[in-house]
Structure formats: structure tokens, C-alpha cells
Amino acid sequence: MISMDSSENIVKEFKEHSISEFFKKNRQMLGYSSMIKSLVTVVHEYVTNSLDACEDAEILPNISVKLNRAGDNKYIVIISDNGPGIPKQIIGKALAMILAGTKFHRNVQQRGQQGIGAAGCTLFAQTTTGKPIRAISGLENGRAFSCSIGIDTMHNKPIINDIIDLKDIPRGLTIEGEFAMVKYDTSDHSVLEYLKRTALSNPHAQIVFIDPDGKEFSFLRSVDKIPEKPKAAKLHPLGLSVNDLLEEAHSSKEDMISTFLSNNFSRFSQGKVNELKELLPNINISKKPKELQWNESEMIVDAFKKMKWISPETAHIIPIGHAQIELTLKNILNPEFMHVIERKPKVFKGGFPFIVEAAIAYGGNAGKQLEEGYTGNILRFANRVPLLFDSGNCAITEAVRSIQWKRYNIDMDVQPVSVFVNISSVHIPYSGVGKESVSQEEEIIEEIKLAVMDAARGLQHFIHNKEKLSMYANKYKTIMRYTGQLSKDLASLTGKKPDEIRSTLEKIVAKHYSLESNVNDNKTQNATEEDIERETDFKESAD
Ligand SMILES: Nc1ncnc2c1ncn2[C@@H]1O[C@H](COP(=O)(O)OP(=O)(O)O)[C@@H](O)[C@H]1O
Ligand SMILES: [Mg+2]
């Protein structure tokens, strides 16, 4: 039993907290856990925002990232882009108010979704160094300003200071922040690796990185084409939960549930409205959507599952593209071999379309170089964003690991192989708020597996040919070693000039082990063998 005193205590102790306070205490949820990961998270949040903003404004992105040491486990991060900048009246909310942004409400395929990233960085800077961030914003209309931005965590509100109007500033946003409890290294989980992979999945972007020692790394753009701008997608009825439907209905201005359904959801024809009416005669779908009740929403969502639907539209999913992936792999990994696969759109959980692209690169800078050789690596991407952490929980890792690589004569442990997988969707099902891995949906795993297996087949063929080539090359070398002695012996037997015999012999051997014809085409190989036989017969009889 709770005594009067303790219940009063509960009332006294009861307090409300803002979302900023929550993330201040739980920053690991946003990717701020280990020091190395925290630095990558900061860079990731700003770079994804720059890419999103540039693409939204149809600008080819030029992004620069600079890290300066500022003390023990302390760095100044300076990130600039040539995007549209952020107007004065919203810059505070954009960069220092958690859950504020231009993307959450849109239903468009973009990297950012929740409006957490930039404010999360400001919060992290402030809670580790006590300092606000500084922004310089150059707008399309030629106006520019700079200001410092902190965050009032109690109220999840921005604190803006030192606003200075500026002249002659190029268009774009520059953010400078000091962060402590961060560490720079050059491992697989580093800022450099993150940016390299970002360049791989964004061939239209130019990214320059200056590391803490002042060393510059430039990832030049491989294509001059801005990716097609994704359109807002309507939700498919099979992707709706009871709560989604109810919330959408309650915020709708339509007069009737029937028109609300047909105007707001994908594939909802008049025929489907009639079908629903027949399935649920007790629900009045001519009433206002605002009047929809929870139990009615439940019945409707159940009915949707019984109805047959055309698959969701896929026009609003923009993959990287076959040719672009090839160009960028060539540009950045310069592999000996690559095979790119772009699959057709598929659907998970009935209502969410997605597209998988996969590629295998072999040789060159593919794979991971170890002291004693190479090992394969998996390059995971979701909507072109590299996923560096939490690989064990990711659908991509799961799919790649479940492939029987031996069947393809590929050994991921010792070969210089990179497996590249990008999933594009308006609704990437991430495993957590930090968006570090893709949740293991069966349909997604299956689709990745098929794509990677297809790419693996290409590599299998290449390795097979390569082995054959090297076998022929070895045989060629061995046999060539005997041509000298053999031509001398034949010369003394026949009285012909040894040089002539040697040159004929060498031609025969070269033709027989002519690498391309032997490897790529069996028919050519047979023909060559016959040719050689004929040629040998002819020579012998002539002698
Ligand atoms: N580099 C930038 N250029 C223009 N606008 C930006 C930039 N960075 C952030 N923004 C704006 O700030 C908003 C908040 O960013 P963020 O907190 O990362 O959330 P999200 O990216 O999920 O929308 C974005 O939606 C965008 O409107
Ligand atoms: Mg963002």
C-alpha cells in the first residue's frame, strides 16, 4: 500500500523532460558511443544533410570535411557544402532542435528522416565541450550570415548568438564545431573510410577530406548527373498499421473515409472502395475520416490484408544505377574485375517497395589489405549512406554470410573481394534510431542474396578464366623452354635452318596457347587445336 506521504512524494518528484534531455542522457542511441564512432557520427550527420540539401536543390554537391586536433580526444570539425544554405529564421531550429526538419513529414526517399541528426551534433558538442557550434550560411539570393548555435536542452530550443551579416560568401552551409570524447583513426570504421564509401555510393558528389595531419584526400565525382529527384510516395494499404491509418484519417480534411482512402493511398481505386464496402458492411465509409474509431481502423487494416492488391508503385525509388556504380567502382577501387547487378523493385511486408543493387569488385583496391595478404569486405549502404557499424545485426551482412561462397570458387577470407550492396527505399527498416543497420526482413535478405549471388557468378567466371589463363601461361612458358633444343635437333635431322624451325615452332605453341581464344570460347579453342594438327601434319609431310 502506498502511504499518503509517499504518494505526495511521487507527485513532488514527478517531472516532465524534453526530448533533448532524453538524448543528452542516451546519446549512444544516436551513435555517440565509442570515441571513434562518435566522430564518424558527427561527420555522417553533416555530410548526409549536405547531400540531401544539394539533391533537393538540384545542385551537384561539393563537400569538404576538415578535422583539426584541439586537444586530447578533442577535434574541431569543419564541414562545408555548396547547397542552398539555411535561412536565418529557421537555422536555429534546423541545427539545434531535436525532431525538427524538412524531411520527417514528407514520405520521400532521403537520407535523413527524423530531424535528429544536426541537433544531435549540436547537443554532443555542447555536452562534451560546453561550446555552441558556429554556422555560416550563404543563401541563393546572395545574402549570408554567420551565428553561433547552442541548445537549451530543458526546452529543446535553439540558443542563437553573435549573428553577423556577411558579404561575398559563396552559397552553401559551413558548420564548425568542437567535439570532445572523440578519436580519429584510420581503421575500417574511420572518417576516411566513411567518406570513401560515401563517394562510392554518391558518384555525383565531390568530397574532399583533410585529415588532422593536414593530408588531403579527394574523391572526385565520377558522373556529372544529379540523381533524379525522388517524388513523395503514397503509402500502400498493406504497409499501414492501425495507428497509421487512424492518425492519417484524423488529420485528413476529406469529407468521406472513402475519398480519404482513394486519394491518399497507393493503388486505391473505386473498385477497391467498393470491395471494402462489401467486406465491412457495418462501417459507414461515407462518414468523415475524423470520426474513424480505433476498432474500425483495426477492421479496415484486417480487411486490407484479405484484399488482392497491385504491388506498390516504385517510381519514387531512385537507385544509384548500373552505369554509375560501374564508374564509381572503377574510379575509387580500380578493380581488376567488377560485376554490377541492379534488381527490379520488390516489396517487403506487403506494402514497402525497395530496390537492391549489388556489385562485386575483385583486385585493385578491392577487399581489405592485411599485413599478410587480403581479405574480402562487405560495403553496406542504405539510400546511398554507408553503414559502418552494427554489421552483425544487418540484413546485408546476414545475406552475404549465408551465401555458399565455395560454390562460386570465391574465398572471402583470403581474396581481394569487395561486396557492395545498396538498398533504396522510402522506408528503410533500420534496426535502431542510429540507423546503423538494416533490420533482417526476410524479403530483403532474400533479395540481397539473389543480387549478390548473381554478381558472384560473374566473378566466378572471371576467376575461372583467370586460372585457366595462368595455367595456359605456365604451359606456354614450359613448352617454349624446349623449342630451342628441339629446333636444333630437328635441324640436324632435316638439314633445315634451326632459326626457321624455331620460329615455326614458336608460332605453333603461341597459337595453341593463345590465351584469349583458349579461355573465352571453346569453339575457337577446338578450331585452334584442329588448326595446329593440320599445320603440324603439313610441316611434317612437307619435310
Ligand atoms: N547542409 C544543409 N543545407 C541545408 N539545409 C540543411 C543542411 N543541414 C540541415 N539542414 C536542414 O536542417 C534540417 C534538420 O536536419 P537534421 O537534424 O539532420 O534532420 P533530418 O536530416 O533528419 O531532416 C533538415 O531537414 C534540413 O532542412
Ligand atoms: Mg540529417
Side-chain angles (χ1 to χ4, degrees), residues 19-20 23 27 29-32 40-65 77-126 133-141 143-147 149-151 153 156-158 160 169-177 194 198 202 205-207 226 229-230 232 382-387 426-428 430 432-436:
I19 181 85
S20 303
F23 280 123
R27 65 177 183 228
M29 283 183 167
L30 302 182
Y32 300 104
V40 175
T41 301
V42 170
V43 170
H44 153 79
E45 293 300 351
Y46 289 139
V47 168
T48 47
N49 280 350
S50 292
L51 289 167
D52 273 345
C54 285
E55 277 161 35
D56 216 25
E58 303 190 43
I59 296 165
L60 276 173
N62 286 343
I63 300 172
S64 85
V65 177
V77 180
I78 307 160
I79 301 200
S80 299
D81 65 45
N82 60 338
I86 307 182
K88 224 185 243 176
Q89 64 271 31
I90 60 161
I91 196 163
K93 284 190 178 170
L95 303 181
M97 183 181 209
I98 292 181
L99 295 181
T102 37
K103 302 169 208 167
F104 189 55
H105 45 282
R106 264 198 198 160
N107 227 13
V108 170
Q109 180 197 339
Q110 279 185 304
R111 298 167 182 82
Q113 275 171 356
Q114 300 119 326
I116 296 180
C121 291
T122 306
L123 182 66
F124 183 57
Q126 187 171 304
I133 58 146
R134 185 145 196 93
I136 303 170
S137 179
L139 304 173
E140 208 87 54
N141 59 15
R143 296 221 174 118
F145 65 94
S146 73
C147 62
I149 307 172
I151 183 163
T153 53
N156 184 32
K157 287 222 167 94
I160 305 186
I169 294 285
R171 187 197 60 212
L173 187 74
T174 296
I175 294 182
E176 188 175 325
Y194 177 85
T198 302
N202 294 274
Q206 178 188 295
I207 302 174
I226 304 165
K229 207 169 160 176
N383 282 346
R384 297 167 178 254
V385 177
L387 310 174
V426 179
H427 302 279
I428 303 263
Y430 292 103
V433 208
K435 302 201 279 187
E436 287 156 5

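If you're wondering where the values come from, they're calculated on a predicted model, not measured in any experiment. We count ligands from 1, going down the list as the structure has it; atoms in each ligand are counted the same way.
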Examine all N, O or S atoms of Thr48, backbone included, and report whether one is under 2.8 Å from the Mg ion (ligand 2). no
Short side-chain donor-acceptor distance under 3.5 Å, Ser80 and Thr174: yes
For atom 1 (N) of ligand 1, which candidate among Val47, Asp81, Leu95 holds the nearest heavy atom?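 Ranked by closest heavy atom to atom 1 (N) of ligand 1, first place is Asp81.
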The one among Ile91, Ile63, Leu173, Thr122 that brings a heavy atom closest to atom 2 (C) of ligand 1: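 The residue whose heavy atom sits nearest atom 2 (C) of ligand 1 is Leu173.
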Under a 4.0 Å N-O cut-off, is there an ion pair linking Arg111 with Glu55?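 Yes, this pair counts.
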Can you confirm, on distance only, whether ligand 1 has an N/O atom lying under 3.5 Å from any N/O atom belonging to [X]?
X	value
Asn49	yes
Glu45	no
Ala53	no

Under the side-chain contact (heavy atoms from CB on, under 4.5 Å) rule, what do Ile78 and Ile175 come out as? Steps first, then yes or no, please. CA-CA 6 Å; Ile78 307 160; Ile175 294 182; over 6 Å; no
Pairing residues for Arg27 by the side-chain contact (heavy atoms from CB on, under 4.5 Å) criterion, not counting sequence neighbours: Tyr32, Phe124, Thr127, Thr128, Met181
Taking 4.0 angstrom as the limit and counting only heavy atoms of [X], give me the atoms of ligand 1 inside it, by number and element.
X	result
Gly117	16 (P), 17 (O), 18 (O)
Ile116	17 (O), 19 (O)
Gly85	4 (C)

Restricting to non-hydrogen atoms, name the atom on Ile91 and the atom on Ser137 that form the minimum distance, rounded to 0.1 Å. CD1-CB, 4.1 Å
Shortest non-hydrogen contact from Asn383 to Gln110? ND2-O, 3.5 Å
Check the surroundings of atom CZ in Arg134: do more than 12 heavy atoms from other residues, nucleotides or ligands lie under 6.0 Å from it? yes
